[in-house]
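This report concerns only the one structure given below.
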Amino acid sequence: MRITFLGAAGEVTGSSYLVEADAATFLVDCGLFQGGKDAAAKNFAAPPFDVRAIDFVVVTHAHLDHSGLLPRLVALGYRNPVYCTPATADLLAIMLRDSAYIHEKEAAWAAARPRRGTAPRIAPLYTIAQAEACLPLLAGVGYREEFKPRTGVRLRFDDAGHILGAAIAQLRVRDAGREVKLVFSGDLGQPGRPVVRDPTPIEQADVLLVESTYGNRDHKGWTETVDELIEALADTLERRRGNLIVPAFALGRTQELIALLAQLAAARRVGRLNVFVDSPLACAATQVTLKHADLLDAESRDAIARLLHGKLPVRVRFTEDVSDSKKLNLIRSGAVIIAASGMCDAGRIKHHLEHNIARRECSILFTGFQAEGTLGRRIVEGARSVRIYGESLPVRARVYTLGGLSAHADRTALLGWLGNFRRAPREVFVVHGEAEAARSFAQAVRRELGWRPRLPAYRTRYEV
C-alpha cells in the first residue's frame, strides 16, 4: 500500500492524500491551497495521478482547505462518488458554489488589472458550473455507520468535534492479503468548546495521519479567552466608540461566535449588541447548522433558539446583497461586523478592513489560525501597513487575537486524543501543520508516547 501526500505536508492547507492499495485507489480530502506565494501554482498544477483511476474520494469536512479542489478534480474528468457526512454534503453545496463565484470574480478582477510585466491568468481555477457538477457525486454517510464504498474497503465516520459534520475517517482496506486500518484525523476540535461535540476517541490504527495545526502550543484558557472577548467589545464599542471587525470563516467560526455572544448576553456579561454577519455564505451555513441542530451541544441549541426568538439583547442581521454590504461601510461606530474570509485573503472582509483598519477607534478581532502568507497573518504579526486592493493602508486599529476560540485542538488536546490508542500504530504521519508546529508536535509524540512519527514533505510517497 502506498500513501502520497499531496498537500498539508509542512503547511496547514491543501489537505489531500492519495492511497493506492490492492482493493482500491482513493483520495482522502481534496483541499485548496490558501496563502503563500506558491498557492496558486499548486492549485493549478496537474495532479500526479490519473484522475480516472480514482475509485472514490473521502472528504473529512467542508472547509475549503479540505474540499476546495473537488470542482477542479471533476473538471479534469473525475466522475465517481465523494463520501462525506450528510451535514458536510449540505455544506459543500454552498461552500463550493461560493468558492467558484470568488474564483470567477478574482480572475475577472486580475484580467482587468494586469500587473506590469506579467501576463494575467484569465481563466479561474474553476467555474460555478464546474462546482455544480460536483454536487451529484456527494454521498452522505452518517456517523458510526460502517459502509462499503468498494469490495475490500470499509469506511466509518466519527465526530471530529471541529465544525458541523466534521469527521475522523476510519478505513479498513484489503492489501497484499491482509486488512489494514487507516485513520485520518481530519481536523480535530478542542474539547469543551461551544456548538459542536468533543472529538471521538479512537483506540486502534495500523496507519494514522494526525493533524498538528497547533501542535507547538496550547490555547489560552477558556475563561481568559471569554474575558478578552468581553473586553474587546467594551473597549471598542463603548469606550472608543468604533466598530469591531471580525474576520471569521463563514462555516463554523461564525456560528460559534453567534452562539457565544448569545450565551454571554443570556448571562448578562455583555450589553446590547448590533451584530452584522456580512456573508451570504455564512447565512446559508447557519441555515444548514439549524437543519442539523441534533449535532450541536445542548447549551448552544438553547442559546441560539433564544436568540432567534428575540429573547436576548443581541440583534443579529445577515446582509442580503452587495448593496447591504456596502451600507455597512457607512457605519462609524457601534457595529460588530463578522465577515469572511477568516484569513482576510478574499471576500467581503477586505472591504471592511479597507474602511476601518486605519481608524484608531476601531478594532480587528482575530478568532482563528492565520496561515503563513495571508493578509490576516501579516496583521496579526504587527504589520504597520498592509496593501488592500492595491492601496497601502496604515494599521491604526487595535488588534485582538483570541487563540482560545480556535476550532483546532491544541498540543495538550492532541496528545490527549492520541492517548486513547491502546498501542502505537505501525505508522504515524504528522500532517496539517506548518513546519515548526509539525516538528514540535512530532517531538512531543516521541517524548510523551514513545511513538516514532514521520514528517512527510509535499508530494512524497510512502510504502506502508
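Every value quoted in this text rests on a predicted model; they were computed, and no experiment measured them. Just so you know, these numbers use all the heavy atoms, side chains as well, and skip hydrogens, waters and symmetry mates. We count residues from 1, following the sequence as given.
- Atom CD of Gln204 has more than 12 neighbouring heavy atoms from other residues, nucleotides or ligands inside a 6.0 Å radius.
- A heavy-atom distance below 4.5 Å is not found between the side chains of Arg461 and Phe5.
- Under the 4.5 Å side-chain criterion, counting only non-hydrogen atoms from C-beta, Ile357 is in contact with Ile379.
- Asp206 places a side-chain N or O within donor-acceptor distance of the main-chain N or O of Lys181, the cut-off being under 3.5 Å.
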Test log, rule ring pair (Phe, Tyr, Trp, His ring centres under 6.0 Å), inputs Phe429 and Tyr462: CA-CA 10 Å; Phe429 296 95; Tyr462 289 84; 5.0 Å; yes
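- In this structure, the side chain of Ser279 does not engage the main chain of Ala339 through any donor-acceptor pair within 3.5 Å.
- The main-chain N or O of Ile54 is never found under 3.5 Å from a side-chain atom of Thr25 such that the two would form a donor-acceptor pair.
- Salt bridge absent: Arg174 and Asp22 never bring a charged side-chain N and a carboxylate O closer than 4.0 Å.
- Gly192 approaches Asp198 most closely through the heavy-atom pair N-OD1, 2.9 Å.
- Using modelled atom types, one side-chain atom of Gln370 and one backbone atom of Gly342 make a donor-acceptor pair closer than 3.5 Å.
- For Thr374 (side chain) and Ala371 (main-chain N/O), a donor-acceptor pair under 3.5 Å exists by modelled atom type.
- We find that Glu256 and Arg193 are not joined by a salt bridge, their nearest charged nitrogen and carboxylate oxygen being 4.0 Å or further apart.
- Side-chain N or O atoms of Arg348 include none that pairs as donor or acceptor with a backbone N or O of Ser325 at under 3.5 Å.
- In this structure, CZ in Arg217 is found 10.0 Å from CG in Asp410, a value given to the nearest 0.5 Å.
- Salt bridge Lys326/Asp324: absent, no basic N to carboxylate O contact under 4.0 Å.
- Around atom CZ of Phe318, more than 12 heavy atoms belonging to other residues, nucleotides or ligands sit under 6.0 Å away.
- For Arg378 (side chain) and Gly373 (main-chain N/O), a donor-acceptor pair under 3.5 Å exists by modelled atom type.
- Thr289 and Gln255 share no donor-acceptor pair across their side chains, judged by distance under 3.5 Å alone.
- A distance of 11.5 Å separates CD1 in Ile258 from OG in Ser300, rounded to the nearest 0.5 Å.
- Considering only heavy atoms from C-beta on, Val275 stays 4.5 Å or farther from Arg317 through its side chain.
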Decide yes or no on salt bridge (charged side-chain N to carboxylate O under 4.0 Å, His left out) for Glu391 and Arg387, but give the supporting numbers first. CA-CA 5 Å; Glu391 181 182 1; Arg387 186 166 292 276; over 6 Å; no
Quick one, Glu427 with Arg452, criterion salt bridge (charged side-chain N to carboxylate O under 4.0 Å, His left out). Give me CA distance, side-chain angles, the key distance, then yes/no. CA-CA 8 Å; Glu427 292 279 7; Arg452 301 177 66 84; over 6 Å; no
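- Here the closest heavy-atom approach between residue Cys30 and residue Ser16 is recorded as CA-OG, 3.9 Å.
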Derivation and outcome, side-chain contact (heavy atoms from CB on, under 4.5 Å), residues Leu209 and Val183: CA-CA 6 Å; Leu209 278 71; Val183 173; over 6 Å; no
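- The shortest heavy-atom contact between Ser15 and Ala8 is OG-CB, 3.3 Å.
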Verdict with supporting geometry, Ser99 and Tyr126, side chain to side chain donor-acceptor pair (under 3.5 Å): CA-CA 9 Å; Ser99 176; Tyr126 50 81; 2.6 Å; yes
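- Taking 4.5 Å as the limit, every side-chain heavy atom of Asn420 sits out of range of all side-chain heavy atoms of Ile202.
- The side-chain heavy atoms of Ile338 and Asp278, taken from C-beta on, include no pair separated by under 4.5 Å.
- A salt bridge does not link Arg156 to Glu146: none of the charged side-chain nitrogens sits closer than 4.0 Å to a carboxylate oxygen.
- Residues Ser323 and Asp321 have side chains that bring a donor and an acceptor to within less than 3.5 angstrom of each other.
- No donor-acceptor pair under 3.5 Å is formed between the side chain of Gln34 and the backbone N or O of Ala39.
- The closest side-chain heavy-atom distance from Tyr83 to Val57 is not below 4.5 Å.
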Before you tell me yes or no, could you show the steps for Trp451 and Leu418 under side-chain contact (heavy atoms from CB on, under 4.5 Å), namely the whole-Å CA-CA distance, both residues' side-chain angles and the distance that decides it to 0.1 Å? CA-CA 10 Å; Trp451 298 1; Leu418 292 179; 3.9 Å; yes
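- Proximity of a side-chain donor or acceptor of Arg79 to a complementary backbone N or O of Val74 within less than 3.5 Å is detected.
- Between His219 and Tyr214, the ring planes lie perpendicular to each other; the angle is over 60°, past the 30° to 60° tilted range.
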Show the numbers, then the answer: is there a salt bridge (charged side-chain N to carboxylate O under 4.0 Å, His left out) between Lys42 and Glu11? CA-CA 13 Å; Lys42 287 180 177 179; Glu11 60 184 315; 2.7 Å; yes
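- A donor-acceptor contact under 3.5 angstrom links the side chains of Thr60 and Asp29, judged on distance only.
- When only modelled atom types and interatomic distance are considered, His408 and His432 share no side-chain donor-acceptor pair under 3.5 Å.
- Contact detail for Cys344 and Leu375: the closest heavy-atom pair is O-CD2, 3.3 Å.
- Put simply, the side chain of Ile349 reaches to within 4.5 Å of the side chain of Ile245, judged on heavy atoms.
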Does the side-chain contact (heavy atoms from CB on, under 4.5 Å) test come out yes or no for Leu18 and Ile3, once each step is laid out? CA-CA 5 Å; Leu18 173 68; Ile3 301 179; over 6 Å; no
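- Between His63 and Phe249, the ring planes are tilted. Angles from 30° to 60° get that label.
- Of the listed residues (Leu257, Val246, Thr225), just one forms a side chain to side chain contact (heavy atoms under 4.5 Å, CB included) with Leu402, and that residue is Thr225.
- The six-membered or imidazole ring of Phe157 lies away from that of Tyr143, with a centre-to-centre distance of 6.0 Å or more.
- Residues Ile163 and Val196 share a closest heavy-atom pair of C-CG1, 3.7 Å.
- The number of heavy-atom neighbours closer than 6.0 Å to CD of Gln443, taken from other residues, nucleotides and ligands shown, is above 12.
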Could you go step by step and tell me if Leu91 and His292 meet the side-chain contact (heavy atoms from CB on, under 4.5 Å) rule? CA-CA 11 Å; Leu91 290 167; His292 294 275; over 6 Å; no
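- Contact check on Arg377 versus Glu434 returns a salt bridge, with a Lys/Arg side-chain nitrogen under 4.0 Å from an Asp/Glu carboxylate oxygen.
- Side-chain contact between Met95 and Leu251: present, with at least one pair of heavy atoms (C-beta onward) separated by less than 4.5 Å.
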Steps toward salt bridge (charged side-chain N to carboxylate O under 4.0 Å, His left out) verdict (Arg411, Asp218): CA-CA 5 Å; Arg411 179 201 291 245; Asp218 282 345; 5.4 Å; no
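- Tested against Tyr389, the residues Lys350, His351, Glu354 include a single side-chain hydrogen bond (donor to acceptor under 3.5 Å, both in side chains) partner, His351.
- Side chain of Gln170 to main chain of Leu182: no donor-acceptor pair is present (N/O by atom type, distance under 3.5 Å, no hydrogens or angles).
- When all heavy atoms of Thr88 and Gly165 are compared, the closest pair comes out as OG1-O, 3.0 Å.
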